[in-house]
Visitor: 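Handing you this structure, nothing more for now.
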Amino acid sequence: MSSFRLAVLECDTPVPNVEKERGSYGAIFESLLSKGLVQGAKNVDFCLPRYDVVQHQKYPELGEVDGILITGSKHTAFADDAWIVSLVEYIRKVLSTSNTPVVGICFGHQVIGRALGAKTGVARGGWEISVEKIELSPDGRKLFGASSLNLHQMHRDEVASVPEGLVCLGSSPRCPVQGLYKPKSVLSLQAHPEFDGFIMEQTLRTRHDQKIFGDETFDEVMRRSDNPHDGTMVAVKIWDFFLDAIA
């Protein structure tokens, strides 16, 4: 049995009902990645040390961990808050000075893009919410073994260009860069493979109560919140990426 130390950089906390039921984002990813090991029939003993990079701004030392995963967040990846700037600089250092593979999800995808010089900003297509179809690029099809993915989305920001040396994994009508990839180095997704119907529903209800989403939008996206999605399959591929990087 192989072992793997995966540092989860927690960039936010889930909405209260989700945190009460499922725990932190680190715990949610632990559940997803455990399912990925089962579905992928992989014999891996893994641990997930968690780092609160918002309040404590602590990061793993290079060499302490085998991989890094950056979670999603309600915050803005192109903002200049001190903790966001520190996170971007840390990821830039990891990718430029080490062989540690990095996975980024939603906000984490955007942080990777910013660290590598991509243009990031408010999405030209506006909000992308609930289960949506992603059309994979040739590189994405090769990586995932499929022509498209159905995954939960919850974002209004985007990576608007592809950094040099990486490839785009796919696109949707609202977001042309749905993922970035470089073998053994970077795998990022704008979507949320860790979300399921419960997480999406609770997040939608919270943001509707906060007046972030109006009634019409809320009703439309709620109808898709429990649709089938490919989160577990993506977890299998995340493990393929990490294990290939340390092979």
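Predicted model, so just to flag it, every value in this text is computed and none were measured.
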Visitor: Scan for side-chain hydrogen bond (donor to acceptor under 3.5 Å, both in side chains) pairs involving residues 98-123, sequence neighbours excluded, and state none if there are none.
Guide: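 Applying side-chain hydrogen bond (donor to acceptor under 3.5 Å, both in side chains) to every pair that reaches into residues 98-123, excluding sequence neighbours, yields D80-R114, S98-T100, H109-S188, Q110-Q190.
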Visitor: Are any non-hydrogen side-chain atoms of V94 and L62 less than 4.5 angstrom apart?
Guide: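 With C-beta onward as the side chain, the pair touches.
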Visitor: Got L87 and Q57 here, is their nearest side-chain heavy-atom distance under 4.5 Å?
Guide: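 Contact flag for L87/Q57 side chains = no.
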Visitor: Given the rule that I, L, V, M, F, W and Y join up when any side-chain heavy atoms are under 4.5 Å apart, are I129 and I134 in one cluster?
Guide: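 No.
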Visitor: How many angstroms lie between NE2 in H208 and OG1 in T203, if you round to the nearest 0.5 Å?
Guide: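 The NE2 atom of H208 sits 14.5 Å away from the OG1 atom of T203.
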Visitor: Enumerate donor-acceptor pairs with a distance under 3.5 Å from any side-chain N or O in residues 231-241 to protein atoms, sequence neighbours excluded.
Guide:
from	atom 1	to	atom 2	distance (Å)
W239	NE1	L33	O	2.9
D240	OD1	K42	NZ	2.5

Visitor: Residues two or more places apart in sequence or in another chain: which of them pass salt bridge (Lys or Arg N to Asp or Glu O under 4.0 Å) with D196?
Guide: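 Salt bridge (Lys or Arg N to Asp or Glu O under 4.0 Å) check on D196 returns R22.
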Visitor: Hydrophobic cluster membership, with links at side-chain heavy-atom distances under 4.5 Å among I/L/V/M/F/W/Y: are W127 and V131 in one?
Guide: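 No; V131 is not reachable from W127 via cluster members.
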Visitor: First locate atom CG of L169, then atom CZ of F144, and finally report the distance between them rounded to the nearest 0.5 Å.
Guide: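 That separation rounds to 5.5 Å.
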Visitor: For E135, enumerate each residue passing the salt bridge (Lys or Arg N to Asp or Glu O under 4.0 Å) test, keeping only those at least two apart in sequence or located in another chain.
Guide: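 With neighbours one apart ignored, the set is K133.
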Visitor: Apply salt bridge (Lys or Arg N to Asp or Glu O under 4.0 Å) to E128 and list each qualifying residue two or more places apart in sequence or on a separate chain.
Guide: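 Not a single residue meets the salt bridge (Lys or Arg N to Asp or Glu O under 4.0 Å) criterion with E128.
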Visitor: Could I get the full list of side-chain contact (heavy atoms from CB on, under 4.5 Å) partners for E61, not counting sequence neighbours?
Guide: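 E61 satisfies side-chain contact (heavy atoms from CB on, under 4.5 Å) with E64 only.
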Visitor: Could you tell me whether the side chain of F107 reaches within less than 4.5 Å of the side chain of D157, counting heavy atoms only?
Guide: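 No, every pair of side-chain atoms sits at 4.5 Å or beyond.
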Visitor: Is there a side-chain contact between Y25 and V8 in this structure, where contact means two heavy atoms from C-beta onward sitting under 4.5 Å apart?
Guide: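 Answer no - side chains too far apart.
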Visitor: Are there over 12 heavy-atom neighbours, none belonging to R5, within less than 6.0 Å of that residue's CZ?
Guide: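 Count over threshold, so yes.
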Visitor: Identify the two heavy atoms, one from A7 and one from Y51, that lie closest to each other, and give their separation to 0.1 Å.
Guide: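 Taking A7 first and Y51 second, the nearest heavy atoms are CB-CE1, 3.8 Å.
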Visitor: Is Y90 close to L9 at the side-chain level, that is, under 4.5 Å between some pair of heavy atoms?
Guide: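 Touching, per the 4.5 Å side-chain cut-off.
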Visitor: What side-chain hydrogen bond (donor to acceptor under 3.5 Å, both in side chains) pairs are there with at least one residue in residues 138-149, not counting sequence neighbours?
Guide: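 For residues 138-149, and leaving out neighbouring residues, there are no side-chain hydrogen bond (donor to acceptor under 3.5 Å, both in side chains) pairs at all.
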Visitor: Can L69 be reached from V54 by stepping across I, L, V, M, F, W or Y side chains whose heavy atoms are under 4.5 Å apart?
Guide: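 No, it is not one cluster - the side chains of V54 and L69 are not joined through contacts under 4.5 Å.
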Visitor: Mind checking what makes side-chain contact (heavy atoms from CB on, under 4.5 Å) contact with A123, not counting sequence neighbours?
Guide: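 For A123, the residues satisfying side-chain contact (heavy atoms from CB on, under 4.5 Å) (neighbours in sequence not counted) are E158.
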Visitor: Test of understanding: with side-chain contact (heavy atoms from CB on, under 4.5 Å), list the residues that count as partners of A115, not counting sequence neighbours.
Guide: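 A115: side-chain contact (heavy atoms from CB on, under 4.5 Å) contacts with V88, I91, R92.
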Visitor: Could you tell me which non-hydrogen atom of I70 sits nearest to which non-hydrogen atom of C11, and how far apart they are?
Guide: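 That would be CG2-SG, 3.6 Å.
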Visitor: Run the salt bridge (Lys or Arg N to Asp or Glu O under 4.0 Å) test against E19 and tell me which residues pass, sequence neighbours left out.
Guide: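 If we apply the salt bridge (Lys or Arg N to Asp or Glu O under 4.0 Å) test to E19, skipping adjacent residues, there are no hits.
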Visitor: Are I105 and F29 packed together at the side-chain level, in the sense that at least one heavy-atom pair is separated by less than 4.5 angstrom?
Guide: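 Answer yes - side chains close enough.
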Visitor: At their closest point, which heavy atom of V162 faces which heavy atom of L180, and how far apart are they?
Guide: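 Between these two residues, the closest heavy atoms are CG1-CD2, 4.0 Å.
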Visitor: Please determine, by modelled atom types, if S172 and E132 share a side-chain donor-acceptor pair under 3.5 angstrom.
Guide: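 Per modelled atom types, S172 and E132 side chains form no pair under 3.5 Å.
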Visitor: Do N17 and E21 come close enough that some side-chain heavy atom pair is under 4.5 Å?
Guide: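 Counting from C-beta outward, N17 and E21 never come under 4.5 Å.
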Visitor: Are V186 and V159 grouped together when hydrophobic residues (ILVMFWY) are joined by side-chain heavy atoms under 4.5 angstrom apart?
Guide: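 V186 clusters together with V159.
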Visitor: Please write out which residues are connected to V122 in a hydrophobic cluster, directly or through intermediates, given that two of Ile, Leu, Val, Met, Phe, Trp, Tyr count as joined at side-chain heavy-atom separations below 4.5 angstrom.
Guide: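 In the cluster with V122 are F78.
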Visitor: Quick one: list whatever passes side-chain contact (heavy atoms from CB on, under 4.5 Å) with A79, sequence neighbours left out.
Guide: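 A79 satisfies side-chain contact (heavy atoms from CB on, under 4.5 Å) with T76, D81, I84 only.
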